[in-house]
Amino acid sequence: MLFSLYMLPLGNIIRRHQMNFHCYADDTQLYLSMKPGETNQVAKLQVCLKDIKIWMTSNFLLLNSDKTEVIVIGPKHLRDTLCDNILTLDDITLASSATVRNLGVIFDQDLSFTSHIKQVSRTAFFHLRNIAKIRPILCLKDAEKLVHAFVTSRLDYCNSLLSGCPKNSVKSLQLIQNAAARVLTGTRKRDHISPMLASLHWLPVKSRIEFKILLLTYKAINGQAPSYLGELIVPYFPNRILRSLNAGQLVVPRVSKSRMGGRAFSYQAPLLWNQLPVWVREADTLSTFKIRLKTVLFSKAYS
(Lines give C-alpha, C1' and ligand atoms only; values in the text may rest on other atoms or scores of the structure.)
Protein backbone atom coordinates (compact mmCIF):
# COMPACT_ATOMS: atom_id res chain seq x y z
CA MET A 1 0.00 0.00 0.00
CA LEU A 2 2.80 2.39 0.89
CA PHE A 3 4.59 1.59 -2.36
CA SER A 4 1.41 2.30 -4.35
CA LEU A 5 1.09 5.67 -2.62
CA TYR A 6 4.75 6.41 -3.35
CA MET A 7 4.12 5.69 -7.06
CA LEU A 8 1.02 7.89 -7.39
CA PRO A 9 2.82 10.85 -9.06
CA LEU A 10 3.85 8.52 -11.87
CA GLY A 11 0.24 8.43 -13.06
CA ASN A 12 0.18 12.21 -13.44
CA ILE A 13 3.26 12.10 -15.67
CA ILE A 14 1.72 9.46 -17.93
CA ARG A 15 -1.60 11.33 -18.14
CA ARG A 16 0.26 14.49 -19.14
CA HIS A 17 1.42 12.64 -22.24
CA GLN A 18 -2.15 11.46 -22.89
CA MET A 19 -1.16 7.81 -22.60
CA ASN A 20 -3.32 4.99 -21.28
CA PHE A 21 -1.83 2.90 -18.49
CA HIS A 22 -2.44 0.22 -15.88
CA CYS A 23 -0.47 -0.29 -12.69
CA TYR A 24 -0.27 -3.39 -10.51
CA ALA A 25 2.23 -3.21 -7.65
CA ASP A 26 5.59 -2.42 -9.31
CA ASP A 27 4.35 -3.40 -12.80
CA THR A 28 3.42 -0.44 -15.00
CA GLN A 29 1.98 -0.88 -18.49
CA LEU A 30 1.66 1.85 -21.08
CA TYR A 31 -0.53 1.24 -24.10
CA LEU A 32 -1.87 3.20 -27.04
CA SER A 33 -3.85 2.52 -30.18
CA MET A 34 -2.98 3.93 -33.56
CA LYS A 35 -4.21 3.84 -37.12
CA PRO A 36 -1.97 2.92 -40.05
CA GLY A 37 0.42 5.77 -40.73
CA GLU A 38 0.20 7.35 -37.25
CA THR A 39 3.83 6.61 -36.45
CA ASN A 40 4.10 9.85 -34.46
CA GLN A 41 2.40 7.98 -31.61
CA VAL A 42 5.60 5.98 -31.11
CA ALA A 43 7.56 9.20 -30.67
CA LYS A 44 5.07 10.31 -28.02
CA LEU A 45 5.63 7.03 -26.19
CA GLN A 46 9.39 7.57 -26.34
CA VAL A 47 9.10 11.03 -24.74
CA CYS A 48 6.84 9.62 -22.03
CA LEU A 49 9.42 6.95 -21.21
CA LYS A 50 12.12 9.58 -20.85
CA ASP A 51 10.04 11.61 -18.39
CA ILE A 52 9.25 8.46 -16.40
CA LYS A 53 12.95 7.64 -16.27
CA ILE A 54 13.77 11.15 -14.97
CA TRP A 55 11.08 11.01 -12.27
CA MET A 56 12.12 7.54 -11.10
CA THR A 57 15.78 8.48 -10.94
CA SER A 58 15.03 11.56 -8.80
CA ASN A 59 12.87 9.44 -6.47
CA PHE A 60 15.37 6.65 -5.86
CA LEU A 61 13.70 4.14 -8.16
CA LEU A 62 15.15 2.12 -11.02
CA LEU A 63 13.55 1.75 -14.43
CA ASN A 64 15.11 -1.53 -15.49
CA SER A 65 15.71 -1.57 -19.25
CA ASP A 66 16.33 -5.32 -19.26
CA LYS A 67 12.84 -5.97 -17.86
CA THR A 68 11.04 -3.49 -20.11
CA GLU A 69 9.20 -5.16 -22.98
CA VAL A 70 7.31 -3.90 -26.03
CA ILE A 71 4.66 -5.72 -28.02
CA VAL A 72 2.83 -4.53 -31.13
CA ILE A 73 -0.61 -6.10 -31.55
CA GLY A 74 -2.37 -6.05 -34.90
CA PRO A 75 -2.30 -7.48 -38.43
CA LYS A 76 1.17 -8.61 -39.47
CA HIS A 77 1.39 -6.35 -42.55
CA LEU A 78 0.69 -3.32 -40.34
CA ARG A 79 3.07 -4.44 -37.61
CA ASP A 80 5.88 -4.55 -40.13
CA THR A 81 5.41 -0.85 -40.90
CA LEU A 82 6.47 -0.03 -37.33
CA CYS A 83 9.82 -1.82 -37.56
CA ASP A 84 11.60 1.43 -38.36
CA ASN A 85 10.19 3.15 -35.26
CA ILE A 86 12.38 1.70 -32.54
CA LEU A 87 12.10 2.62 -28.87
CA THR A 88 15.27 3.13 -26.83
CA LEU A 89 15.80 3.29 -23.08
CA ASP A 90 19.20 3.92 -21.52
CA ASP A 91 20.67 3.55 -25.03
CA ILE A 92 19.22 0.01 -25.13
CA THR A 93 16.99 -0.82 -28.07
CA LEU A 94 13.57 -2.08 -27.00
CA ALA A 95 12.76 -4.42 -29.85
CA SER A 96 9.20 -5.64 -30.26
CA SER A 97 8.65 -9.04 -28.62
CA ALA A 98 6.55 -11.81 -30.15
CA THR A 99 5.09 -12.66 -26.74
CA VAL A 100 4.99 -10.95 -23.35
CA ARG A 101 3.74 -12.14 -19.97
CA ASN A 102 1.02 -10.00 -18.42
CA LEU A 103 0.12 -10.99 -14.84
CA GLY A 104 0.61 -14.64 -15.67
CA VAL A 105 -1.07 -14.55 -19.09
CA ILE A 106 1.07 -14.83 -22.23
CA PHE A 107 0.00 -12.30 -24.87
CA ASP A 108 1.05 -12.73 -28.50
CA GLN A 109 0.94 -10.24 -31.37
CA ASP A 110 -2.13 -11.84 -32.96
CA LEU A 111 -4.01 -12.18 -29.65
CA SER A 112 -4.53 -15.84 -30.45
CA PHE A 113 -3.29 -16.83 -26.97
CA THR A 114 -1.79 -19.96 -28.52
CA SER A 115 1.37 -19.72 -26.43
CA HIS A 116 -0.66 -19.17 -23.28
CA ILE A 117 -2.89 -22.19 -23.95
CA LYS A 118 0.16 -24.39 -24.62
CA GLN A 119 1.74 -23.26 -21.36
CA VAL A 120 -1.48 -23.94 -19.42
CA SER A 121 -1.73 -27.39 -21.03
CA ARG A 122 1.84 -28.34 -20.14
CA THR A 123 1.48 -27.22 -16.52
CA ALA A 124 -1.99 -28.71 -16.03
CA PHE A 125 -1.05 -32.12 -17.45
CA PHE A 126 2.12 -32.15 -15.31
CA HIS A 127 0.06 -31.75 -12.13
CA LEU A 128 -2.63 -34.11 -13.40
CA ARG A 129 -0.07 -36.89 -13.93
CA ASN A 130 1.13 -36.45 -10.36
CA ILE A 131 -2.43 -36.54 -9.03
CA ALA A 132 -3.13 -39.70 -11.06
CA LYS A 133 -0.21 -41.46 -9.31
CA ILE A 134 -1.71 -40.96 -5.85
CA ARG A 135 -5.38 -41.16 -6.89
CA PRO A 136 -5.80 -44.79 -5.62
CA ILE A 137 -5.09 -43.71 -2.03
CA LEU A 138 -7.36 -40.64 -2.11
CA CYS A 139 -11.10 -40.42 -1.67
CA LEU A 140 -13.07 -38.65 -4.40
CA LYS A 141 -13.55 -35.50 -2.30
CA ASP A 142 -9.84 -35.05 -1.57
CA ALA A 143 -8.82 -35.87 -5.14
CA GLU A 144 -11.29 -33.31 -6.46
CA LYS A 145 -9.78 -30.67 -4.16
CA LEU A 146 -6.36 -31.34 -5.67
CA VAL A 147 -7.74 -31.13 -9.21
CA HIS A 148 -9.41 -27.80 -8.49
CA ALA A 149 -6.28 -26.41 -6.81
CA PHE A 150 -3.77 -27.42 -9.48
CA VAL A 151 -5.77 -27.87 -12.71
CA THR A 152 -9.17 -26.15 -12.71
CA SER A 153 -7.71 -22.97 -11.24
CA ARG A 154 -5.42 -22.70 -14.28
CA LEU A 155 -8.28 -23.30 -16.70
CA ASP A 156 -10.32 -20.54 -15.06
CA TYR A 157 -7.56 -17.96 -14.58
CA CYS A 158 -8.28 -14.99 -16.88
CA ASN A 159 -10.32 -17.30 -19.13
CA SER A 160 -12.54 -14.38 -20.18
CA LEU A 161 -9.69 -13.38 -22.52
CA LEU A 162 -10.47 -16.49 -24.57
CA SER A 163 -14.02 -15.41 -25.36
CA GLY A 164 -14.59 -15.68 -29.10
CA CYS A 165 -11.42 -17.73 -29.66
CA PRO A 166 -11.47 -20.45 -32.34
CA LYS A 167 -12.97 -23.80 -31.30
CA ASN A 168 -9.60 -25.53 -31.64
CA SER A 169 -8.14 -23.30 -28.92
CA VAL A 170 -10.96 -24.04 -26.50
CA LYS A 171 -10.82 -27.73 -27.44
CA SER A 172 -7.22 -27.92 -26.18
CA LEU A 173 -8.37 -26.74 -22.75
CA GLN A 174 -11.41 -29.00 -22.83
CA LEU A 175 -9.11 -32.00 -23.25
CA ILE A 176 -7.48 -31.04 -19.95
CA GLN A 177 -10.82 -30.97 -18.16
CA ASN A 178 -11.81 -34.27 -19.75
CA ALA A 179 -8.57 -35.87 -18.56
CA ALA A 180 -9.13 -34.51 -15.04
CA ALA A 181 -12.64 -36.02 -14.97
CA ARG A 182 -11.26 -39.38 -16.12
CA VAL A 183 -8.64 -39.36 -13.37
CA LEU A 184 -11.27 -38.62 -10.72
CA THR A 185 -13.94 -41.07 -11.90
CA GLY A 186 -11.77 -43.78 -13.43
CA THR A 187 -13.52 -43.41 -16.77
CA ARG A 188 -11.81 -45.15 -19.67
CA LYS A 189 -10.58 -43.21 -22.70
CA ARG A 190 -13.08 -44.75 -25.08
CA ASP A 191 -16.07 -43.93 -22.81
CA HIS A 192 -18.11 -40.78 -23.39
CA ILE A 193 -17.00 -38.07 -20.94
CA SER A 194 -20.01 -35.71 -20.92
CA PRO A 195 -22.03 -37.82 -18.43
CA MET A 196 -19.04 -37.79 -16.07
CA LEU A 197 -18.67 -34.01 -16.34
CA ALA A 198 -22.37 -33.63 -15.61
CA SER A 199 -22.17 -35.97 -12.61
CA LEU A 200 -19.32 -33.86 -11.20
CA HIS A 201 -21.40 -30.70 -11.84
CA TRP A 202 -18.57 -29.22 -13.91
CA LEU A 203 -19.37 -26.70 -16.61
CA PRO A 204 -17.48 -27.32 -19.88
CA VAL A 205 -14.63 -24.92 -20.67
CA LYS A 206 -16.70 -22.94 -23.19
CA SER A 207 -19.46 -22.45 -20.61
CA ARG A 208 -16.92 -21.46 -17.95
CA ILE A 209 -15.65 -18.72 -20.26
CA GLU A 210 -19.20 -17.48 -20.79
CA PHE A 211 -19.78 -17.64 -17.02
CA LYS A 212 -16.80 -15.34 -16.41
CA ILE A 213 -17.87 -12.86 -19.11
CA LEU A 214 -21.43 -12.70 -17.77
CA LEU A 215 -20.21 -12.38 -14.20
CA LEU A 216 -18.06 -9.39 -15.18
CA THR A 217 -21.04 -7.95 -17.05
CA TYR A 218 -23.30 -8.23 -13.99
CA LYS A 219 -20.65 -6.52 -11.86
CA ALA A 220 -20.18 -3.76 -14.45
CA ILE A 221 -23.91 -3.06 -14.61
CA ASN A 222 -24.16 -2.90 -10.82
CA GLY A 223 -21.05 -0.78 -10.27
CA GLN A 224 -18.96 -3.61 -8.84
CA ALA A 225 -16.41 -3.79 -11.68
CA PRO A 226 -13.57 -1.43 -12.69
CA SER A 227 -14.78 1.74 -14.39
CA TYR A 228 -13.03 0.90 -17.67
CA LEU A 229 -15.31 -2.17 -17.97
CA GLY A 230 -18.42 -0.25 -16.98
CA GLU A 231 -17.77 2.24 -19.75
CA LEU A 232 -18.06 -0.56 -22.32
CA ILE A 233 -21.60 -1.47 -21.21
CA VAL A 234 -24.46 0.55 -22.74
CA PRO A 235 -28.07 -0.11 -21.59
CA TYR A 236 -30.62 -0.60 -24.37
CA PHE A 237 -33.50 1.87 -24.55
CA PRO A 238 -35.94 1.33 -27.47
CA ASN A 239 -37.20 4.34 -29.40
CA ARG A 240 -40.80 3.41 -28.58
CA ILE A 241 -42.47 1.55 -25.73
CA LEU A 242 -41.82 -2.16 -26.16
CA ARG A 243 -41.83 -5.21 -23.90
CA SER A 244 -38.02 -5.13 -24.04
CA LEU A 245 -38.00 -1.75 -22.25
CA ASN A 246 -37.74 -3.37 -18.81
CA ALA A 247 -35.90 -6.49 -19.90
CA GLY A 248 -32.49 -5.13 -18.87
CA GLN A 249 -30.91 -5.64 -22.27
CA LEU A 250 -27.69 -4.06 -23.52
CA VAL A 251 -26.70 -2.49 -26.82
CA VAL A 252 -24.73 -4.87 -29.05
CA PRO A 253 -22.31 -2.76 -31.12
CA ARG A 254 -21.64 -3.41 -34.77
CA VAL A 255 -18.20 -4.94 -35.24
CA SER A 256 -16.14 -6.62 -37.90
CA LYS A 257 -16.21 -10.29 -36.95
CA SER A 258 -13.62 -11.08 -39.59
CA ARG A 259 -11.08 -9.20 -37.46
CA MET A 260 -10.86 -8.93 -33.67
CA GLY A 261 -14.06 -6.97 -33.05
CA GLY A 262 -16.10 -10.09 -32.41
CA ARG A 263 -13.86 -11.06 -29.48
CA ALA A 264 -13.97 -7.72 -27.67
CA PHE A 265 -15.65 -7.53 -24.26
CA SER A 266 -17.77 -4.64 -25.55
CA TYR A 267 -19.32 -7.08 -28.06
CA GLN A 268 -19.29 -10.43 -26.27
CA ALA A 269 -20.71 -9.07 -23.00
CA PRO A 270 -23.98 -7.60 -24.37
CA LEU A 271 -24.36 -10.45 -26.86
CA LEU A 272 -24.27 -13.11 -24.13
CA TRP A 273 -26.18 -10.96 -21.65
CA ASN A 274 -29.16 -10.47 -23.97
CA GLN A 275 -29.41 -14.24 -24.43
CA LEU A 276 -29.99 -14.82 -20.71
CA PRO A 277 -33.53 -15.28 -19.37
CA VAL A 278 -34.94 -12.21 -17.66
CA TRP A 279 -35.16 -13.99 -14.29
CA VAL A 280 -31.37 -14.42 -14.37
CA ARG A 281 -30.59 -10.83 -15.35
CA GLU A 282 -32.89 -9.52 -12.62
CA ALA A 283 -31.03 -11.26 -9.78
CA ASP A 284 -30.78 -8.82 -6.86
CA THR A 285 -27.49 -10.13 -5.41
CA LEU A 286 -24.26 -11.43 -6.86
CA SER A 287 -24.56 -14.81 -5.16
CA THR A 288 -28.10 -15.28 -6.50
CA PHE A 289 -26.92 -14.33 -9.98
CA LYS A 290 -24.11 -16.91 -9.84
CA ILE A 291 -26.51 -19.70 -8.83
CA ARG A 292 -29.06 -18.84 -11.52
CA LEU A 293 -26.38 -18.37 -14.17
CA LYS A 294 -24.76 -21.73 -13.48
CA THR A 295 -28.18 -23.39 -13.60
CA VAL A 296 -28.87 -21.94 -17.05
CA LEU A 297 -25.42 -22.71 -18.47
CA PHE A 298 -25.44 -26.21 -17.00
CA SER A 299 -28.84 -26.95 -18.55
CA LYS A 300 -27.67 -25.54 -21.89
CA ALA A 301 -24.47 -27.59 -21.90
CA TYR A 302 -25.97 -30.96 -20.93
CA SER A 303 -29.54 -30.75 -22.19
Side-chain angles (χ1 to χ4, degrees), residues 20-22 24 29 31-35 73-74 102-103 105 107 110-113 116 155-167 169-170 173-174 202-303:
N20 298 309
F21 68 98
H22 275 130
Y24 184 83
Q29 301 174 15
Y31 59 96
L32 55 86
S33 60
M34 65 180 73
K35 296 179 180 179
I73 297 173
N102 182 5
L103 300 181
V105 179
F107 281 68
D110 297 311
L111 284 185
S112 65
F113 293 101
H116 175 69
L155 294 179
D156 290 343
Y157 181 69
C158 293
N159 61 349
S160 58
L161 294 170
L162 304 178
S163 180
C165 274
K167 292 182 179 180
S169 299
V170 178
L173 299 178
Q174 186 60 55
W202 289 2
L203 288 173
V205 171
K206 182 177 181 295
S207 299
R208 300 176 86 89
I209 294 172
E210 292 180 0
F211 184 93
K212 186 67 69 65
I213 289 287
L214 290 167
L215 184 62
L216 289 172
T217 305
Y218 180 88
K219 290 182 177 181
I221 292 173
N222 292 278
Q224 302 174 19
S227 58
Y228 58 83
L229 287 182
E231 294 169 356
L232 301 176
I233 301 297
V234 181
Y236 171 71
F237 297 106
N239 295 327
R240 52 195 177 90
I241 298 178
L242 301 171
R243 284 184 297 176
S244 60
L245 178 61
N246 298 319
Q249 294 188 344
L250 302 173
V251 175
V252 181
R254 293 183 178 180
V255 298
S256 174
K257 295 182 182 179
S258 61
R259 299 182 182 178
M260 289 295 183
R263 291 181 49 193
F265 177 80
S266 58
Y267 175 79
Q268 287 288 328
L271 181 68
L272 295 174
W273 180 263
N274 292 348
Q275 295 173 3
L276 288 177
V278 176
W279 60 274
V280 178
R281 296 198 298 257
E282 291 180 343
D284 53 354
T285 64
L286 183 61
S287 58
T288 303
F289 177 77
K290 287 181 178 180
I291 295 172
R292 294 179 180 179
L293 178 59
K294 183 174 181 180
T295 300
V296 170
L297 293 178
F298 191 88
S299 176
K300 180 181 175 182
Y302 300 112
S303 60

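Keep in mind the model is a prediction, meaning the values are calculated, not measured.
One finds a salt bridge joining Asp156 and Arg208 here, because a Lys/Arg side-chain nitrogen approaches an Asp/Glu carboxylate oxygen to under 4.0 Å.
Under the 3.5 Å distance criterion, the side-chain polar atoms of Gln174 are matched with a main-chain donor or acceptor of Val205. Of the possible polar contacts, none joining the Ser169 side chain to the Cys165 backbone as a donor-acceptor pair under 3.5 Å is found. Judged by distance alone, with hydrogens and angles left aside, the side-chain atoms of Arg263 form no donor-acceptor pair with the main-chain N or O of Leu162 at under 3.5 Å. Looking at Arg281, its side chain never comes within 3.5 Å of a backbone N or O of Gln249 through a donor-acceptor pair. Without hydrogens or angle criteria, Asn102 side chain to Phe107 main chain gives no donor-acceptor distance under 3.5 Å. Side-chain atoms of Gln268 never come within 3.5 Å of backbone atoms of Ile213 as a donor-acceptor pair (strictly under, hydrogens ignored).
Taking the six-membered ring for Trp and thresholds of 30 and 60 degrees, Trp273 and Tyr218 have ring planes inclined between 30 and 60 degrees apart.
Across every non-hydrogen atom of Leu216 and Ser160, the tightest pair is CD1-OG, 4.0 Å. In plain terms, the two heavy atoms of Pro235 and Val251 that are nearest each other are O-CG2, 3.5 Å. Here the closest heavy-atom approach between residue Leu297 and residue Glu210 is recorded as CD2-OE1, 3.7 Å. Residues Tyr267 and Val252 share a closest heavy-atom pair of CE1-CG1, 3.6 Å. The shortest non-hydrogen separation linking Ile209 to Val170 is CD1-CG2, 4.3 Å.
Checking Thr288 against Thr285 by side-chain atom types alone, a donor-acceptor pair falls below 3.5 Å.
Between Phe21 and Gln29, every side-chain heavy-atom pair lies at or beyond the 4.5 Å cut-off. Using a 4.5 Å cut-off on side-chain heavy atoms (C-beta onward), Pro166 and Ser112 make no contact. Contact check for Tyr236 versus Asn274: no side-chain heavy atoms found under the 4.5 Å cut-off. Taking the side chain as every heavy atom from C-beta outward, Ile233 and Phe265 approach each other to under 4.5 Å.
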query = Taking it one step at a time, do Leu161 and Leu111 satisfy side-chain contact (heavy atoms from CB on, under 4.5 Å)?
reply = CA-CA 9 Å; Leu161 294 170; Leu111 284 185; over 6 Å; no

request  = Step by step, work out the side-chain contact (heavy atoms from CB on, under 4.5 Å) result for Asp110 and Ile73.
outcome  = CA-CA 6 Å; Asp110 297 311; Ile73 297 173; over 6 Å; no

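Under the side chain to side chain contact (heavy atoms under 4.5 Å, CB included) criterion, Asn20 pairs with Tyr31, sequence neighbours left out.
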